[in-house]
Number of protein chains: 2
Amino acid sequence: MARKTGSHSEITGPRIRAAAEHLFARHGYAAVSMRQIAAEVGVQAGALYLYTPDKQSLLADLMRDHLDGLLAACAALPPVNGPEARLDQFARFHIGYHIDRPDAVFVAYMELRNLEPANFTAIEALRRRYENTLEAILRDGRAAGVFAVPDTKLATLALIAMLTGVTNWYREGGRLGRAEVEAIYAAMALNAVGASPLPTR
Amino acid sequence: MARKTGSHSEITGPRIRAAAEHLFARHGYAAVSMRQIAAEVGVQAGALYLYTPDKQSLLADLMRDHLDGLLAACAALPPVNGPEARLDQFARFHIGYHIDRPDAVFVAYMELRNLEPANFTAIEALRRRYENTLEAILRDGRAAGVFAVPDTKLATLALIAMLTGVTNWYREGGRLGRAEVEAIYAAMALNAVGASPLPTR
DNA sequence: ATGCTATCTGAACGCATGTTCAGTTCAAGC
DNA sequence: GCTTGAACTGAACATGCGTTCAGATAGCAT
């Protein structure tokens with residue numbers, strides 16, 4: 001039997017991507033088979049190939065979509081004045097965005113090594129572009145004399161690692177709420193670069 | 001032909017573990033086959049089973065050995081006085097130890113999800129024990145009024161993530177030397193918890 | 001020189017993999 | 001009510017997987 005009532009490509013497509021993202025995050029790209037993804041969606045493995053040319057593209061598309069969304073959301077942030085306020089805003093944004101998408105984040109950061117060279121180059125470029133927005137803030141802050149960082153590139157990577165680490169332990173409904181976590185991390189980020197944390201918003 | 005001159009188990013065993021560690025770090029546990037490991041060592045796949053009961057044990061042993069070494073080295077640190085000096089020492093130690101073992105670190109942090117439940121529990125306990133040594137420093141510092149951290153557990157995870165992140169980009173002979181990186185990260189760690197960085201040693 | 005044993009080979013095992021494709025099914029357009 | 005075509009099945013494909021094991025090899029003790 002094929003085509004149960006109401007099943008269309010607009011439904012199945014996203015469901016495949018969601019299942020793949022979830023399974024890739026949980027078990028890793030290489031450890032997940034197309035048949036497992038299909039089973040999660042309730043479909044045979046062959047049907048997946050109506051929605052993706054191959055497994056590799058499925059991974060690359062997930063990562064690209066995540067990073068595109070991240071960059072777009074970051075670019076849409078309301079403008080604020082001064083390096084401290086900008087870093088505070090960036091840190092809170094980064095935490096918030098990543099907390100809401102633990103699976104996508106996990107995949108985007110852990111499966112880089114499973115990308116074919118061409119895909120790797122493209123994804124890596126997006127990642128670098130995001131890092132550059134943070135580094136620009138740090139450079140401006142150092143030029144303005146409000147951040148004390150010996151090396152902006154290193155500080156960028158250190159801050160990103162620290163902020164992204166939140167996805168390793170944060171769970172909805174845990175001991176600490178979203179806003180608290182954002183506030184604490186933003187304060188630590190400002191401290192780390194030698195600035196004073198902003199008063200709690 | 002078997003047994004080339006001078007080839008003994010004391011040689012082959014470590015070579016297998018080294019090859020496995022390197023390949024697991026590069027491509028991921030699930031993406032690496034026993035035949036690839038064997039080829040790297042210059043041996044047939046069957047020979048691996050003289051040194052490990054199965055692929056899973058190979059992974060678990062690598063991770064356990066790494067964490068055992070980390071805990072032992074951490075415990076062997078010379079005692080220093082005061083939370084600031086202890087955090088400074090811990091940060092430098094962490095950076096230095098991890099910089100020297102990028103493959104082992106990568107495997108120990110990224111392949112947790114590929115461990116069978118029993119192995120996972122054991123490895124996770126070791127990791128937690130290591131984190132606890134840092135959290136103890138932060139608690140003492142807060143009790144002494146020299147660290148300003150709203151939540152020591154959260155600060156612990158944030159610092160570990162930041163410090164471990166160094167393995168993602170550090171390369172021997174790069175722009176920054178080992179000592180510089182250690183100093184910068186130690187300063188950022190102290191800053192992050194609201195303490196003043198120690199004068200450069 | 002001979003036998004012993006640790007070390008390793010090479011082939012085989014059953015099974016899972018990513019991918020293809022001829023054929024089936026069903027909602028919608030006429 | 002018939003036709004069309006998108007959505008999907010189910011079987012098959014070559015290949016590779018982890019693991020096993022009988023047998024070959026070579027250094028060591030005697």
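Note on naming: letters A, B, ... go to the chains in the order of the sequence lines (proteins, then strands), and numbering restarts at 1 for each one. Scope of the values below: all heavy atoms of this structure, side chains included, with no hydrogens, waters or symmetry mates. In this text the structure is predicted, and so the values were computed from the model without any measurement.
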Legend entry - Cationic N near anionic O, under 4.0 Å, Arg128(A) to Glu131(A): no
Inset, instruction - Flag the pair Arg17(A) and Glu21(A) as a salt bridge only when some basic side-chain nitrogen lies within less than 4.0 angstrom of an acidic carboxylate oxygen. - result: no
Legend entry - For atom CG of Leu50(A) and atom P of dA6(D), their distance in whole Å: 11 Å
Legend entry - Whole angstrom value for the distance that separates P of dA16(C) from CD1 of Ile37(A): 17 Å
Legend entry - Between Tyr130(A) and His94(A): side-chain donor-acceptor atoms closer than 3.5 Å: yes
Inset, instruction - Give a yes/no answer on whether the side chain of Ser33(A) brings an N or O atom under 4.0 Å of OP1 or OP2 in dT17(C). - result: yes
Legend entry - Leu48(A) CG - dG10(D) C1' separation (whole Å): 14 Å
Inset, instruction - Taking all heavy atoms of Leu159(A) and all of Ala192(A), pick out the closest pair and write down the distance. - result: CD2-CB, 4.1 Å
Legend entry - N or O in side chain of Thr12(A) less than 4.0 angstrom from dA7(D) OP1/OP2: no
Inset, instruction - Would you sort out whether Asp61(A) and Tyr51(A) count as a side-chain contact (heavy atoms from CB on, under 4.5 Å), showing the intermediate values? - result: CA-CA 11 Å; Asp61(A) 286 348; Tyr51(A) 301 94; over 6 Å; no
Legend entry - From dT7(C), dT9(D), dT9(C), nucleotide with atom closest to Val43(A) side chain: dT9(D)
Quick test: give all pairs of protein nitrogen or oxygen and nucleotides 19-21 of chain C nitrogen or oxygen below 3.5 Å, distance rounded to 0.1 Å.
residue	atom	partner	partner atom	Å
dT19(C)	OP2	Tyr49(A)	OH	2.6
dT19(C)	OP2	Lys55(A)	N	3.0
dT19(C)	O5'	Tyr49(A)	OH	3.2

Legend entry - Nearest-angstrom distance from the residue atom CD of Glu116(A) to P of dG18(C): 14 Å
Throw together a table of side-chain donor-acceptor distances under 3.5 angstrom for residues 112-120 of chain A, partners on residues two or more places apart or in other chains.
residue	atom	partner	partner atom	Å
Arg113(A)	NH1	Phe24(B)	O	3.4
Arg113(A)	NH1	Ala25(B)	O	3.1
Arg113(A)	NH2	Glu111(B)	OE2	2.9
Asn114(A)	ND2	Glu111(A)	OE1	2.6
Asn119(A)	ND2	Gln56(A)	OE1	3.1

Inset, instruction - For Val41(A), answer base if it contacts any base atom (sugar-phosphate contacts may also be present), sugar-phosphate if it contacts only those atoms, and nothing otherwise; contact means non-hydrogen atoms under 4.0 Å. - result: nothing
Legend entry - Spacing between Gln44(B) atom CD and dA12(C) atom C1', to the nearest angstrom: 13 Å
Inset, instruction - Output yes when a side-chain donor or acceptor of Arg86(B) lies under 3.5 Å from a complementary backbone atom of Leu138(B), and no otherwise. - result: no
Inset, instruction - Write down the distance between CD1 (Ile11(A)) and P (dC26(C)), rounded to a whole number of angstrom. - result: 18 Å
Inset, instruction - Calculate the interatomic distance between Ile16(A) atom CD1 and dA7(D) atom P; express it in whole Å. - result: 11 Å
